[in-house]
Novice: 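I'd like to ask you about the structure that follows.
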Amino acid sequence: MAKNISRRTFLKGSAALTGAAALGSAFNIYHPEGAFAAEDSPLSYGYSYCDMCNHTPKCGIKATLKEGKIIRIESRENYPNGRLCAKGVSSIQELYDPERLLHPVIRTNPKGSPDPGWKQISWEEAYETIAKKFNGIKAQDGADKVMFYCGDPKEPRSAVQRLAYTFGSPNYGNESSTCFRAEAMAGFLTMGKVSMGTDPGPKTKTCLIWSLNPAWSLPTRFGKLCDAKANGTQFIVVDPRVTPTVSSLADIHLQLRPGTDGALALGIAHVMLRDGYYDQGFVEKWTHGFTEFAEYVKEFTPEKTEEITWVPKEKIEAAAKMFGQETPGTWIGSASPTVHSTNGTQNTRAILSVVALSGNIDAEGGLEMPDGLPFDLFAGNPAFNRETDLFQQIKEKRADKEDFPVWAHFVNDMQVNRFPEYVDQGKIKAMFMVGGNAMMWPQTKLYQQALEKMEFTVAADYYIRPMTHNTMDMVLPAAMCFERMAPFAIFGRTIYFREPIVKPMGESRSDWQICFELGTKLGYGKEFFNGSEEEGLEELLRITKLGITLKDLRANPEGLTIPPKEPNSFKKYESGKFRPDGKTGFPTTSGKFEFTSEILRKYQFDTLPTYKEPVDSPNSNPELAKEFPLILNTGSRIPYYTHSKLRHMPWLNQFMPEPIVRMNKVDATARGLKDGDDVKLSTKFGELQFKLEVTNIILPGMIDVFHGWEKADINLLIARDFDPISGFPPYKEGLCQVSKG
Ligand SMILES: Nc1nc2c(c(=O)[nH]1)N[C@H]1C(S)=C(S)[C@@H](COP(=O)(O)OP(=O)(O)OC[C@H]3O[C@@H](n4cnc5c(=O)[nH]c(N)nc54)[C@H](O)[C@@H]3O)O[C@H]1N2
Ligand SMILES: Nc1nc2c(c(=O)[nH]1)N[C@H]1C(S)=C(S)[C@@H](COP(=O)(O)OP(=O)(O)OC[C@H]3O[C@@H](n4cnc5c(=O)[nH]c(N)nc54)[C@H](O)[C@@H]3O)O[C@H]1N2
Ligand code: SF4
Ligand SMILES: [Mo]
């Protein structure tokens, strides 16, 4: 069909788009610089991976091009993540958005002025200014005073981290300070391993999805789970909302009060132990602290657990029975909600304890943990990132190490959530920020003020985002996925390589190239391949010792699979293949799965996965709950926006043009509110305006609101009560009120 697109149809399409977007401004999908293609110019095709949400690895894109311009986006065939969602299809609108930042800019007005007075500068001037500032601070106060930060875009991480450590600063951090990393820590603390869970295999009988809504947050994965359901896997889904994941998959839905995951897990463990639905052989031989754990869960009777979590006790009993008896069973962890809690790490340890009781750790059809390729989750490699050498020499200068010692024990990236404090303490004076957003942290203003107070700050982004960048000194234009190369996409043992398929818009450059060029300018030409992204990727491949080069990857555009030296085996703790030293057991202090954590003992935290109420909940703070009786649950993903992004993409904006707060009908009726009302949402920190959506997808007693809205930034209303183990904020569990606004 695309072959027959004429210039006229093309224009008509573009006009229709503008019409769809006509909710205000006229929108021209094609960039002013880009003329339309001639009627009969030939079509060509290019392959990429999507950029519109930031999970890795990303979904595959097939692009149709005419005269070097992308005219159509569709799902890529023969690619592991092949089903594009609405955001993926809309990536063409972001690529050619006339509002994209196309040149480096520097502020001309002093900080604090409402308008920064952005002035276009050359890349050369930009790099020279940054190098002068960073090297000046390094000479005077030390390299650690410059912080390097990567927001939700995960592709640049490896290059930014390498830049930080080569420059000499251990203060590199990223958005994982609020995302999955606390789950990873819970994994380390119990099993010595990280797992996001394993999707059901042919042998899996039961799958426990604890707080994930892939129908909206990871659509490709959701498709695979639906296939597993069709093949007979039973599902237990833990979620306070009746999401499409729940309605499509759940045989048992545990609709809990947000923030009470730990209590629910301990309640399930109680029933498993009481009724013998657990793997006694595994527990006796391979776990540490079982007696104390068994004693502790005695108090979490189904009755008490129901009282705390609001989940009916019959359902708790049924879930324990199904997960304990219908084995093998697997677990799929949350990407973030369970750890967006003041007790999140311990709550997640309690969930992992349930998985351990079932005996399904590294069991076939259970929580399988095959060895992957020597890349990290974001396609970097610790040696390439300089974590294994340079970081080790400078880590004592980390700004966060006293605040979050357990985090610092496991994680090389700094825990960034208290960077405003570090700025006030003089520990951080400048920042290099790639794809960051000040609205992602609780109490946004503190972060904006911290950026403003620093001596020099520079960001790289697709856009000027006023909420973040108006407080900064310089912004660099970043190239999008279609325009860039690094990094690779890794699926299991298969590597995909991406060639840029269009020329970067304006003067935009890829994040890796920016890091390499800046590194060179800072005086590290050799370490940064004199600015060559391609050379950097060759080096990354050399470091992994896989025996392949870019040439091999180029010769395999449909992915290069590297088979393991020996086939995957199961229960590797029995064979010594679970630990780097070849001894049997788990790579933990005790060598076993730790119900009681020795690392937590060392840092004087509770060793058991103890349940504590959220700092502000109806139970822990009944006084506050009188004024603010509803639980404030924020950030649950919606299918058409990614965090603060994509609000002005016409194909997406039509689905939710304005900030919405969702409330159950019971609570709306009690307040005399109806669907579509203008409402005021308030917490002890202030209030914001929203449109009300009355819905039965959420539990009575809670409200549900998305983050990242410039005109209703919910993070202004959230407490900075960080989980003392992980440093994570309580995005899912504060207290609020909603009234007519
Ligand atoms: N209240 C509340 N707050 C939350 C959450 C929540 O659930 N509730 N969730 C938390 C979680 S899990 C996360 S991951 C964070 C989100 O983390 P954020 O960092 O806030 O994510 P985004 O809003 O997507 O902002 C990313 C910025 O990067 C730019 N960008 C995107 N891709 C690229 C790229 O490839 N290169 C460059 N240079 N720039 C790019 C975008 O234009 C945007 O300005 O928010 C956290 N904050
Ligand atoms: N469309 C879209 N997709 C995204 C993103 C995006 O912004 N937009 N962001 C990406 C990122 S960075 C992340 S981290 C992932 C997040 O991926 P998910 O974890 O799937 O996303 P959420 O929708 O935040 O949370 C999943 C479910 O947790 C439930 N939940 C909320 N509070 C609690 C609680 O206290 N306990 C339990 N058990 N469940 C709770 C919510 O009701 C929700 O249905 O999504 C990724 N995918
Ligand atoms: S889920 Fe959607 S936005 Fe995310 S990578 Fe896939 S197609 Fe892109
Ligand atoms: Mo995230």
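Note that the coordinates shown come from a computational prediction; the quantities given were computed from them, not determined experimentally. Values below: all heavy atoms of this structure, side chains included; hydrogens, waters and symmetry mates excluded. Remember, it's 1-based here, ligands and their atoms both numbered in the order they're listed.
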Novice: Any cation-pi pair here, R647 with Y641, using under 6.0 Å and within 45°?
Specialist: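 Yes, R647 lies over the aromatic ring of Y641.
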
Novice: Any ion pair linking R157 and D376 (charged N to carboxylate O, less than 4.0 Å)?
Specialist: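 Judged by the 4.0 Å cut-off on N to carboxylate O distance, D376 and R157 do not form a salt bridge.
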
Novice: Does R181 qualify as a cation-pi partner of F728, given the criterion of NZ or CZ under 6.0 Å from the six-membered ring centre and within 45 degrees of its axis?
Specialist: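 No, a cation-pi geometry is absent between R181 and F728.
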
Novice: Tell me, which protein N/O/S atoms are under 2.8 Å away from atom 2 (Fe) of ligand 3?
Specialist: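 Per the 2.8 Å query on atom 2 (Fe) of ligand 3, atoms found are C85 SG.
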
Novice: Should the pair K62 and Y45 be classed as cation-pi, given the thresholds of under 6.0 Å to the six-membered ring centre and 45° from the axis?
Specialist: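 Here K62 passes the 6.0 Å and 45° test against Y45.
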
Novice: Ignoring hydrogens and angles, state whether a donor on the side chain of Y49 or N81 is under 3.5 Å from an acceptor on the partner side chain.
Specialist: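 No, no side-chain donor-acceptor pair sits under 3.5 Å.
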
Novice: Under 3.5 Å, N/O to N/O: give me all the pairs between ligand 1 and the protein, one per line with atom names and distance.
Specialist:
residue	atom	partner	partner atom	Å
ligand 1	1 (N)	T634	OG1	3.0
ligand 1	1 (N)	N715	OD1	2.8
ligand 1	3 (N)	N715	ND2	3.2
ligand 1	7 (O)	R637	NH1	3.0
ligand 1	7 (O)	K732	NZ	3.0
ligand 1	8 (N)	T634	OG1	3.3
ligand 1	19 (O)	D152	N	2.9
ligand 1	20 (O)	N437	ND2	2.8
ligand 1	23 (O)	N437	ND2	3.2
ligand 1	23 (O)	S644	N	2.8
ligand 1	23 (O)	S644	OG	2.5
ligand 1	28 (O)	G435	O	3.2
ligand 1	35 (O)	Y462	OH	2.9
ligand 1	35 (O)	R484	NH1	3.0
ligand 1	35 (O)	R484	NH2	3.3
ligand 1	36 (N)	D511	OD2	2.8
ligand 1	38 (N)	A460	O	3.0
ligand 1	38 (N)	D511	OD1	2.9
ligand 1	42 (O)	D461	OD1	2.6
ligand 1	42 (O)	R465	NE	3.3
ligand 1	42 (O)	R465	NH2	2.7
ligand 1	44 (O)	D461	OD1	3.4
ligand 1	44 (O)	D461	OD2	2.8
ligand 1	44 (O)	R465	NE	2.9
ligand 1	47 (N)	M440	O	3.0

Novice: Answer yes if the side chains of D413 and Q161 hold a donor-acceptor pair under 3.5 Å, and no otherwise.
Specialist: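 Side-chain D/A pair, D413 to Q161: present.
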
Novice: Classify the side-chain pair D721/T342 by whether it contains a donor and acceptor separated by less than 3.5 Å.
Specialist: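 Per modelled atom types, D721 and T342 side chains form no pair under 3.5 Å.
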
Novice: Could you tell me if the ring centre of F167 sits under 6.0 Å from that of F432?
Specialist: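 Judged by ring-centre distance (under 6.0 Å), F167 and F432 do not meet the cut-off.
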
Novice: Between the side chains of W441 and N417, is a donor N or O closer than 3.5 angstrom to an acceptor N or O?
Specialist: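 Result is yes, a qualifying pair exists.
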
